[in-house]
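Beneath this line is the structure, given in structure tokens, with notes to follow.
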Number of protein chains: 2
Amino acid sequence: MASELTRTPRSTAREGREKAIFEAARSVFAEFGYKGSTTAEIAKRAEIPKANLHYYFPTKEALYRAVTEDVLNTWLEAASSFDESVDPSEAIAAYVSAKMDMARQDPIGSRIWANEILRGAPVIGDFLETTLLDWLKSRETIVRRWIKAGKLVALEPRYFFYMIWATTQHYADFEGQMAALNGGKPLSDAQFEAAKAQVIATLLRGVLPSGT
Amino acid sequence: MASELTRTPRSTAREGREKAIFEAARSVFAEFGYKGSTTAEIAKRAEIPKANLHYYFPTKEALYRAVTEDVLNTWLEAASSFDESVDPSEAIAAYVSAKMDMARQDPIGSRIWANEILRGAPVIGDFLETTLLDWLKSRETIVRRWIKAGKLVALEPRYFFYMIWATTQHYADFEGQMAALNGGKPLSDAQFEAAKAQVIATLLRGVLPSGT
DNA sequence: GTCTATAATCGGATAGAC
DNA sequence: GTCTATCCGATTATAGAC
């Protein structure tokens, strides 16, 4: 019938509401952390009654876990950009660039991660000890190979990755501080691109041998 | 009398309890942020009844403000280490070293700051826009002078300071993540000193002209 | 000054009407 | 599927005994 053809399919309506709740939850969890967030505030930002939220996500923790899992998947996607080149300077530039773009496009995801670490990582602790550690170890091997080949100065790869993570995620996690120092306005696209270019340049200069 | 001489003076007893509450509050606020923290948990960690806490600090917010103000003072103390030398390489090394030591010795202070920024800096916003911005501007002037004198490569000073802040504070804010990647144990003193030396070396190499 | 008891409110979750 | 009404434990804060 007409109603069958014109109305939004049931499953799509559900997906739309779930997505609204999900996005609202992301913004609240990013701002207040798990404990400081309330289902009432999430429901308010999703513009639905609180009870309705509990219909789609039975508990606050289930909603938090769904949000967190999504953040980890996004992180892994960006991580893959490290592999796309064999030359250290290209690999590092591509990875840092991807992480900077991620900080710009999805600062909320980065903040959810930061809040989770700050409270002791009760939910993503396993991910850190397994998937993340595996990723890190395998990339450390690549970096050590570069060092042996004289393509990179001698350094402990792990602390170099920490430096990359810190610097890039700072543009997401401390966006508010940067805005306060920028006349109350977030970095413009031009400012951000300048920052990104400088971060890449300083990091590369810091680890590539002289005269490269 | 004997009791006058042997017992802890009244003011000292008060100071001791205030300090216990203060330290407990620091650890709780650092872990859960303002909203996620409860006065009950703070009282528990201070090992006093909850009502007693409210005697010394009338409200949760008053306690939070006291804790936050202390963090800002500590930050400013470390900031002064940037001035102690005129040579860029020495000034930068001294500042980064001081910030790294701060991250190691007072990670809680750094985490309180991070949590405050993550929720939009409602309490320290004024500090950021006035004192911190003034500090940053004056140091940018110094850095620009070095660049003009050929002592530093061309760069936007602000993003360089962001890089220093990000990298050093990462060792406080993401200590939990680093521990998870280090077999569940925090960085040893030796590991931390190696990281600190590498951070300084990479940053200096990244901004000093070739052959310095 | 200290602490027990409690008021007042908030927050997570559910029952049950529609 | 949706939402109003509500339960009940948690949380901030205070009153008032000691």
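Being a predicted model, the structure only gives us computed values, none of them experimental. Lettering follows sequence order; numbering is per chain, from 1.
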Completion exercise
Whole-Å distance, B:E15 CD to C:dG1 C1', equals 16 Å
Problem - Members of residues 56-65 of chain A that approach DNA chain C, where some heavy atom sits under 4.0 Å away - result: A:T59, A:K60
Completion exercise
Whole-Å distance, B:N52 CG to D:dA13 P, equals 15 Å
Handout entry: Straight-line distance of A:E156 CD to B:T202 OG1, nearest 0.5 Å
Key = 11.5 Å
Handout entry: OP1 or OP2 of D:dT11 under 4.0 Å from side-chain N/O of B:T39
Key = no
Exercise for the section: Give a yes/no answer on whether the side chain of B:Y55 brings an N or O atom under 4.0 Å of OP1 or OP2 in C:dT2. Expected result: no
Exercise for the section: Check whether NZ of the Lys or CZ of the Arg A:K99 lies under 6.0 Å from the centre of the six-membered ring of A:F82 and within 45 degrees of that ring's axis. Expected result: no
Exercise for the section: Measure from the side chain of B:P49, starting at C-beta and using heavy atoms only, and say which of C:dT4, D:dT12, C:dA13 lies closest. Expected result: C:dT4
Exercise for the section: Rounded to the nearest angstrom, tell me the gap between atom CD1 in B:I48 and atom P in D:dA13. Expected result: 14 Å
Practice task
Might you point out which heavy atoms bring B:P107 and B:A172 nearest each other, and give the distance in Å?
Solution key: CA-CB, 3.6 Å
Handout entry: Heavy atoms from other residues, nucleotides or ligands near CD of B:E18 exceed 12 (cutoff 6.0 Å)
Key = yes
Handout entry: salt bridge (Lys or Arg N to Asp or Glu O under 4.0 Å) between A:E140 and A:K137, worked out
Key = CA-CA 5 Å; A:E140 286 177 335; A:K137 277 182 181 167; over 6 Å; no
Problem - A:H54 side chain near C:dT14 phosphate (N/O to OP1/OP2, under 4.0 Å) - result: no
Practice task
Nearest whole angstrom, please: distance from the P of C:dG11 to the NZ of A:K50.
Solution key: 8 Å
Practice task
Could you work out which one of D:dA5, D:dG1, C:dA5 sits closest to the side chain of A:A51?
Solution key: D:dA5
Handout entry: A:E116 vs A:R119, salt bridge (Lys or Arg N to Asp or Glu O under 4.0 Å): CA-CA, chis, key distance, verdict
Key = CA-CA 6 Å; A:E116 169 70 5; A:R119 69 172 183 138; 3.1 Å; yes
Problem - Phosphate OP1/OP2 of C:dT2: any B:R17 side-chain N/O under 4.0 Å - result: yes
Completion exercise
A:E18 CD to D:dG1 C1', in whole Å, measures 13 Å
Completion exercise
From CG of B:L53 across to C1' of D:dT14 the rounded distance in Å is 13 Å
Completion exercise
A:I21 atom CD1 is separated from C:dG12 atom P, nearest whole Å, by 14 Å
Exercise for the section: Could you tell me whether B:K196 sits above the aromatic face of A:Y159, with NZ or CZ closer than 6.0 angstrom to the six-membered ring centre and within 45 degrees of the axis? Expected result: no
